2 protein chains.
Amino acid sequence: MSDIATTRKGEIRAWVLDRITSGALEPSSRIPSEHQLMALFGVSRMTVHSALAELAKEGVLRRVKGLGTFVARPGSHLTVVHVTDPAEDVRARGGAYNIELITLEERDATDAERHIFGMAQHARIYHLKAVHKSGGVAVALEDRLVNPTVAPDFLKVDFTGASAFAHLSSCAPFPEGGHVIRAVQASATDVKLLSLKPGEPCLEIERTTWIETSVVTHVKLRYPGSAYELKGAISRP
Amino acid sequence: MSDIATTRKGEIRAWVLDRITSGALEPSSRIPSEHQLMALFGVSRMTVHSALAELAKEGVLRRVKGLGTFVARPGSHLTVVHVTDPAEDVRARGGAYNIELITLEERDATDAERHIFGMAQHARIYHLKAVHKSGGVAVALEDRLVNPTVAPDFLKVDFTGASAFAHLSSCAPFPEGGHVIRAVQASATDVKLLSLKPGEPCLEIERTTWIETSVVTHVKLRYPGSAYELKGAISRP
DNA sequence: CAGTGGTCTAGACCACACA
DNA sequence: GTGTGGTCTAGACCACTGC
């Protein structure tokens, strides 16, 4: 038995999950229909539906209208990482945060940048480049492009107090996006700005976020490999 | 307007999301109660509840019994990565997959390993170390510990056909777990086994999964930084 | 056609927070 | 107490699948 099921919905959830983990229900096999579970548990159909819909949303089941409910193929678990804000990271660890601005400007977007943002020719763009420091020690290098349409006040932000991340979160809360995580060798610039040893590995996170159809921001964060790890959980939320 | 809302639930979702993204609803502010939205949209309470519960599960809203429904604080987006199986990765890319076993044994667990697995003294453990190859080229180094209690047949698996990941997925589907992603410098062993240039950065993924209270497996995967990226999406699922 | 899941209704009882 | 969200019921109509 897995959960302490106090509700009828919880009972059904637990029943299904137990039968999967115990092997009684194989991947891709069909589970009883809502009507059958209704009779089995003596509950209304809405209750059964709610339990199964929840499990489907969590990726445990796959439901097909007109066909039935099936155990999802495992093999592609979901790993969740909290998207990080270097400024918050430092503060959460109790460090004395400060930022060293390298670039903060409005300029013409390059072809590649216009492509990322889906902008027309001669579009303008905001560009921030900065080093985040904890107690004077560099912990991350941020290189960020911002869409002026979405965050018109970006250049006026006082980055010593509010981070770019926080400001953009208020302009465009709950964005969608994509990201790439990779290990790279530190460039000469990285070595200088992050005070690294030459050739030291860095963890790079490249992230593009958008809301509706407007790309909000594109950012590359580079962390010293020796001092930074990305932690997360594997879950069915 | 954000979604093409064809259902009443979708209408309510879209209404709430629009009012958040447009700034009409600030973070932490209260949104109308289920009864108020019921009257506003002319729908039953279950429909309103379903829409709001969904948004709460996605992290957009925070609901407190007896108090009300509030806009969640943004600032901690969720990034989702698909947990990867090197064997599946290679096959998905159309490469000719093969595996080179380095170690596959049952042995006494070390103190550190017993601590990870929560095992008693003198416990036994399975240990797999292998290089995954695509068309003869090394793409990943796997170093895996397995709990014999959960996967007693692990040593009998034919790893040329089924991957460790797939076998464990069938023993313990939908596990929970945690993981750490980091950039490391290739060790001498890595250089040899993965045919790297000395000092080349590697992406390392360390993952521990468990089901109920049993730790199932602990694995370290090491990828050449020049050839591997971890991609994912930022989302409210 | 019968069976399935997706959605919706108009009620209900409960546990909780606040005044 | 009132108002809130969490859960549940016993129906209903619909769109879809496979036969």
Side-chain angles (χ1 to χ4, degrees), chain A residues 1-17 19-20 25-73 236-237, chain B residues 1-17 19-20 25-73 236-237:
Chain A
M1 302 296 140
S2 69
D3 288 319
I4 322 101
T6 68
T7 64
R8 298 183 190 270
K9 186 166 94 175
E11 277 177 42
I12 300 171
R13 275 186 64 96
W15 184 85
V16 173
L17 286 173
R19 290 183 69 88
I20 291 176
L25 287 171
E26 306 262 317
S28 299
S29 65
R30 221 186 128 205
I31 77 164
S33 74
E34 295 191 351
H35 272 99
Q36 289 171 316
L37 289 173
M38 216 175 120
L40 189 60
F41 285 90
V43 300
S44 82
R45 216 195 115 202
M46 272 297 283
T47 305
V48 175
H49 178 80
S50 170
L52 298 189
E54 211 173 276
L55 290 172
K57 223 171 197 199
E58 294 168 13
V60 176
L61 300 177
R62 193 171 49 91
R63 318 200 71 194
V64 183
K65 199 192 299 192
L67 240 184
T69 302
F70 305 84
V71 179
R73 71 293 138 186
R236 42 164 198 268
Chain B
M1 303 295 139
S2 67
D3 289 318
I4 322 100
T6 67
T7 65
R8 296 181 193 271
K9 187 167 94 173
E11 277 176 41
I12 300 171
R13 274 186 64 97
W15 185 85
V16 172
L17 286 173
R19 290 184 69 89
I20 291 175
L25 286 172
E26 307 261 317
S28 298
S29 65
R30 228 190 116 198
I31 78 165
S33 74
E34 296 191 350
H35 273 99
Q36 290 172 316
L37 290 172
M38 217 176 120
L40 189 60
F41 285 90
V43 300
S44 84
R45 216 196 114 200
M46 272 297 283
T47 305
V48 175
H49 178 79
S50 169
L52 298 189
E54 211 174 274
L55 289 171
K57 224 169 198 204
E58 295 169 13
V60 176
L61 300 177
R62 193 171 49 91
R63 316 200 71 191
V64 184
K65 199 194 297 191
L67 241 182
T69 302
F70 306 84
V71 179
R73 70 294 135 186
R236 39 165 199 269

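Quick caveat, the model's predicted, so the values are computed rather than measured. The chains referred to below are lettered A, B, ... by the order of the sequence lines, with proteins before strands, and numbering in each begins at 1.
- Separating the CG atom of Leu52(B) from the C1' atom of dG6(D) is a distance of 12 Å, rounded to the nearest angstrom.
- Annotation: side chain of Thr69(A) is not in contact with side chain of Leu55(A) (no heavy-atom distance under 4.5 Å).
- Contacts of Arg62(A) with the nucleic acid, taken as non-hydrogen atoms under 4.0 Å apart, are absent.
- Checking the phosphate oxygens (OP1, OP2) of dG3(D), no side-chain nitrogen or oxygen of Ser33(B) falls inside 4.0 Å.
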**Request:** Would you please test Val48(B) and Leu40(B) for side-chain contact (heavy atoms from CB on, under 4.5 Å) and show each step?
**Result:** CA-CA 10 Å; Val48(B) 175; Leu40(B) 189 60; over 6 Å; no
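- We find that CG of Leu37(B) is positioned 10 Å from P of dT4(D), with the value rounded to whole Å.
- In this entry the distance linking CZ of Arg13(B) with C1' of dT7(C) reads 15 Å, nearest Å.
- Minimum interatomic distance between Val71(B) and Leu61(B) (heavy atoms only, all atoms of both residues): CA-CD2, 4.1 Å.
- Residue His49(A) forms a side chain to side chain donor-acceptor pair (under 3.5 Å) with just one option from Lys9(A), Glu34(A), Glu54(A), and that option is Glu34(A).
- Between Glu54(A) atom CD and dG6(C) atom P there is a gap of 14 Å when expressed in whole angstrom units.
- The side chain of His35(B) places no N or O atom within less than 4.0 Å of a non-bridging phosphate oxygen (OP1 or OP2) of dG3(D).
- Consecutive Watson-Crick or G-U pairing (both distances under 3.5 Å) extending over three or more pairs maps onto DNA chain C as C:1-18 with D:1-18.
- Put simply, CD1 on Ile12(B) is 11 Å from C1' on dC8(C), counting in whole angstrom units.
- Shown here for Gly59(B) and Ala72(B), the closest heavy-atom pair between the two residues is O-CB, 3.3 Å.
- Residue Arg63(A) places at least one side-chain N or O under 4.0 Å from the OP1 or OP2 atom of dG6(C).
- When all heavy atoms are compared, the tightest approach of Arg63(A) to Ala56(A) is CG-CB, 3.7 Å.
- Taking atom CD of Glu34(A) as the reference point, atom P of dA15(D) lies 18 Å away to the nearest angstrom.
- The CD atom of Glu11(A) lies 9.0 Å from the OG1 atom of Thr6(A); values are rounded to the nearest 0.5 Å.
- Counting heavy atoms from C-beta on, the side chains of Phe41(A) and Thr47(A) never come closer than 4.5 Å.
- Spacing between atom CE of Met38(A) and atom P of dC8(D) amounts to 14 Å, rounded to whole angstrom units.
- Put simply, Thr69(A) has a side-chain N or O that comes within less than 4.0 Å of OP1 or OP2 on dG5(C).
- To the nearest 0.5 Å, the span separating CD on Glu26(B) from CD1 on Ile20(B) amounts to 11.0 Å.
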Check: protein-nucleotides 9-18 of chain C nitrogen or oxygen pairs below 3.5 Å:
{"residue": "dT9(C)", "atom": "OP2", "partner": "Ser44(B)", "partner atom": "N", "Å": "2.8"}
{"residue": "dT9(C)", "atom": "OP2", "partner": "Ser44(B)", "partner atom": "OG", "Å": "3.2"}
{"residue": "dT9(C)", "atom": "OP2", "partner": "Thr47(B)", "partner atom": "OG1", "Å": "2.6"}
{"residue": "dA12(C)", "atom": "N6", "partner": "Arg45(B)", "partner atom": "NH1", "Å": "3.2"}

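- The interatomic distance linking Lys9(B) (NZ) with dG5(C) (C1') rounds to 12 Å, in whole Å.
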